[in-house]
> 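Before I ask anything, here is the structure I am working with.
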Amino acid sequence: MLILIIIFTSVQVDVLVNNGARGQLAWMKETPLEVDRALLELNLVGTISITKAVLPYMLQQQGGDIVVVSSLGGKMGKGQFLSCFSLPK
């Protein structure tokens with residue numbers, strides 16, 4: 001909803017910063033699948049969704065930047081711990 005408010009009240013969208021993420025401080029083997037799905041929905045699908053919402057406006061104005069913030073967790077991984085945080089990063 002926030003993105004719609006920004007788009008309809010702004011002259012143009014110059015930059016989108018995808019920085020949202022949430023982690024689960026638990027071992028993968030102890031985390032229910034429903035929690036894993038919810039984390040992936042937010043951390044991966046959320047980034048894709050917000051980008052798809054803004055992209056047409058950037059294309060229409062023929063410019064804009066999209067920044068996707070990663071983390072060391074995505075590069076190094078955390079094994080069984082924080083797996084659904086590290087995976088989409």
> Quick one: side-chain contact (heavy atoms from CB on, under 4.5 Å) partners of Leu59, sequence neighbours excluded?
Leu55

> Taking all heavy atoms of Met58 and all of Ile66, pick out the closest pair and write down the distance.
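Looks like SD-CG1, 3.8 Å.
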
> Suppose we screen for side-chain hydrogen bond (donor to acceptor under 3.5 Å, both in side chains). Which residues come up paired with Thr51, at least two apart in sequence or across chains?
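Applying side-chain hydrogen bond (donor to acceptor under 3.5 Å, both in side chains) to Thr51 gives Asn18.
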
> To the nearest 0.5 Å, tell me how far Glu34 CD sits from Asp36 CG.
8.5 Å

> When clusters are formed by joining ILVMFWY residues with side-chain heavy atoms under 4.5 Å apart, either directly or through shared neighbours, do Val54 and Val68 land in the same one?
yes

> Rounded to the nearest 0.5 Å, how far apart are CD1 of Ile48 and CG of Asn43?
11.5 Å

> What pair of heavy atoms forms the shortest contact from Asp14 to Gln61, and how long is it?
N-NE2, 4.2 Å

